[in-house]
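Worksheet: the structure to be examined is printed underneath.
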There are 2 protein chains.
Amino acid sequence: MPRELSPAMEDYLLAIYRLESDDRRVTTGDIAQELGVSAASTTSMFKRLAQERLVVYREYGGVTLTEAGRASAIGLVRRHRLAERFLTDLLALPWDDVHRIADRLEHALPPEVIERFDGLLNHPRTCPHGHPIPDAQGELPERAMRPLSALAEGEEAVILQVEERDPELLRYFAERGLRPGRRVAVLDREPLEGALLVAVNGRPTLVSPRAAASVFVNGEVEA
Amino acid sequence: MPRELSPAMEDYLLAIYRLESDDRRVTTGDIAQELGVSAASTTSMFKRLAQERLVVYREYGGVTLTEAGRASAIGLVRRHRLAERFLTDLLALPWDDVHRIADRLEHALPPEVIERFDGLLNHPRTCPHGHPIPDAQGELPERAMRPLSALAEGEEAVILQVEERDPELLRYFAERGLRPGRRVAVLDREPLEGALLVAVNGRPTLVSPRAAASVFVNGEVEA
DNA sequence: AGAAGGATTTAGACTCGTCTAAAAACGTCC
DNA sequence: GGACGTTTTTAGACGAGTCTAAATCCTTCT
Ligand SMILES: [Mn+2]
Ligand SMILES: [Mn+2]
Ligand SMILES: [Mn+2]
Ligand SMILES: [Mn+2]
């Protein structure tokens, strides 16, 4: 009964998983935007996913993942992030390339290969961009995070993860040493545009507002 | 203009490539049988491949590969065999599994990854089953071969490659030490059924006719 | 409560890759 | 040179995944 899911179905499930939160159901429009497809396509995929009991679909009311749907999505996250780790650590490919490559590979990697990656890489906890890798049981650690842009002047923190989907942004991060594990401190905030002066590994670095919103550091978001 | 080919198109091109020979054009029926699809499907794919100038299609007369079509097929062979080598050598997966896995991966591996495999594995010359890997320019060495079953009593030879598509057969080969590089000598031939008594690395081993027809050794085929 | 505006679903079309069944062409054998 | 059996092509259908345009529903605002 858990026939193999098509790449398209997996991509929709993943998008739903990413956008899902306790308070808000995921709507047709959300997914259409996230995946760059039409709302009509999304409606028809919602129905197909519902047929397979991967989501609960309410007309005009969006979807929520079932347990099976969530498990599939988390499985895909695991495949994607382990693939990325493999590509950077073993094949030495640049971190701004691997997301795109993993986005195709993730659909073609059988469990044997994934588990070998995991072993060979010594059970990595995160992808190269700092995002946590679910374990084989689908468990994922909760981490308190806030964007670098939320830090007050004088505050210090450690980079946990960065937004991974824009290669240009990733190259910019790499140049400036903004990568997971690095210690940062906000030296100055430019109130008008929102630019930050940040000490990265001691070195003062100017960080644009968009970049600062795409870098996440440890700590609780303000209430 | 060289848009990315679909997995299906690649599979057809590969099948045509495998069956192509100087004297005989590849027919609809050949490919239908090779790929386990209907003749009707094959006809319609022939037309699509012809549209893309990957084959020359003659109604009721089969196809031949164009240069572009041959290049695509050889590229796929390179991806497949390097993927297999990676799976056995780096991930330590069994040689009877890797053909199946590579059959999916081959369609999802971008050039960067393939060239990293090639480097990391030290430019391997063959896949785990002994089949030669085309180089990045699509060059493939010609090798004179004959089936083990063609050896006369008393003859000696070295295994070059084995038929790779039947996992059961591969496990049988592995058990008996029949793998590329091994020296074999025919001690006795059983005329009725065609079974052979073969010395493999010195050890006398009974080899069934089907197996002996699937193991290829060095030497010219008789005229 | 009714109307406006926005989101969602439906309708209908298209491509790709597949199938079965029927029609057409081919090649061989008398 | 025609008849027959085989091969190939055509015709028509289907599912997956996508689109655009039109219809419908929902929400909110007056
Ligand atoms: Mn994907
Ligand atoms: Mn990542
Ligand atoms: Mn394949
Ligand atoms: Mn092989």
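In the text below, chain A, chain B and the rest are named by the order of the sequence lines, each starting its count at 1.
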Whole-Å gap separating C1' (C:dC16) and CG (B:Asp11) | 14 Å
Let me know the distance between CZ of A:Arg25 and P of C:dA7, rounded to the nearest Å.
-> 18 Å
Rounded to the Å, how far apart are A:Leu5 CG and D:dA16 P?
-> 12 Å
For B:Cys127 and B:Glu164, which heavy atoms make the closest approach, and how far apart are they?
-> SG-OE1, 3.8 Å
The answer to which of B:Gly62 and A:Met9 contacts DNA chain D further toward the 5' end, by nearest nucleotide, is B:Gly62
Test side-chain contact (heavy atoms from CB on, under 4.5 Å) applied to B:Asp118 and B:Arg78, step by step | CA-CA 10 Å; B:Asp118 190 42; B:Arg78 177 169 166 80; 3.4 Å; yes
With the side chain of A:Arg48 defined as its heavy atoms from C-beta on, choose the nearest nucleotide among C:dT8, D:dT9, D:dG17.
-> D:dG17
Should the ring pair A:Phe86 and A:Phe117 be called parallel, tilted or perpendicular, given that the plane angle runs from 0 to 90° and is split at 30 and 60?
-> parallel
Smallest separation among heavy atoms of B:Ala152 and B:Val186, with atom names | O-CB, 3.6 Å
Out of D:dT18, C:dT18, D:dC25, which has the shortest distance to the side chain of B:Ser41?
-> C:dT18
Which part of the nucleic acid, if any, lies within reach of A:Thr43 when heavy atoms closer than 4.0 Å are counted: base, sugar-phosphate only, or nothing?
-> base
Spacing of A:Leu13 atom CG relative to D:dG17 atom C1', expressed in whole Å | 15 Å
For A:Ser6 and D:dG17, is the shortest distance between a side-chain N/O and OP1 or OP2 below 4.0 Å?
-> yes
From the list C:dG17, C:dT10, C:dT9, which nucleotide is the closest neighbour of the side chain of A:Lys47?
-> C:dT10
For B:Pro180 against B:Gln161, the heavy-atom pair lying closest together | CG-CA, 4.4 Å
Reckon A:Ser44 touches a base, only the sugar-phosphate, or nothing at all at heavy-atom distances under 4.0 Å?
-> base
Base, sugar-phosphate, or nothing for A:Phe46, non-hydrogen atoms under 4.0 angstrom?
-> nothing
From the options C:dA25, C:dA11, D:dT18, select the nucleotide whose nearest atom is closest to the side chain of A:Ala40.
-> C:dA11
From CE of A:Met45 across to P of D:dC19 the rounded distance in Å is 11 Å
Of the options A:Val63, A:Leu65, A:Leu76, which is the one that meets A:Leu13 in a side-chain contact (heavy atoms from CB on, under 4.5 Å)?
-> A:Leu65
Quick one: is A:Thr28 getting a side-chain N or O under 4.0 Å of the C:dT9 phosphate, OP1 or OP2?
-> yes
Expressed in angstrom and rounded to an integer, what is the separation of B:Tyr60 atom OH from D:dT6 atom C1'?
-> 12 Å
Between C:dT8 (P) and A:Tyr57 (OH): distance, integer Å | 9 Å
Which part of the nucleic acid, if any, lies within reach of A:Ala8 when heavy atoms closer than 4.0 Å are counted: base, sugar-phosphate only, or nothing?
-> sugar-phosphate
Using a 4.0 Å heavy-atom cut-off across all strands, classify A:Ser38 as base, sugar-phosphate, or nothing.
-> base
Between C:dA7 (P) and A:Arg58 (CZ): distance, integer Å = 18 Å
Minimum-distance nucleotide to B:Glu59 side chain [options: C:dT8, D:dT9, D:dG17] | D:dT9
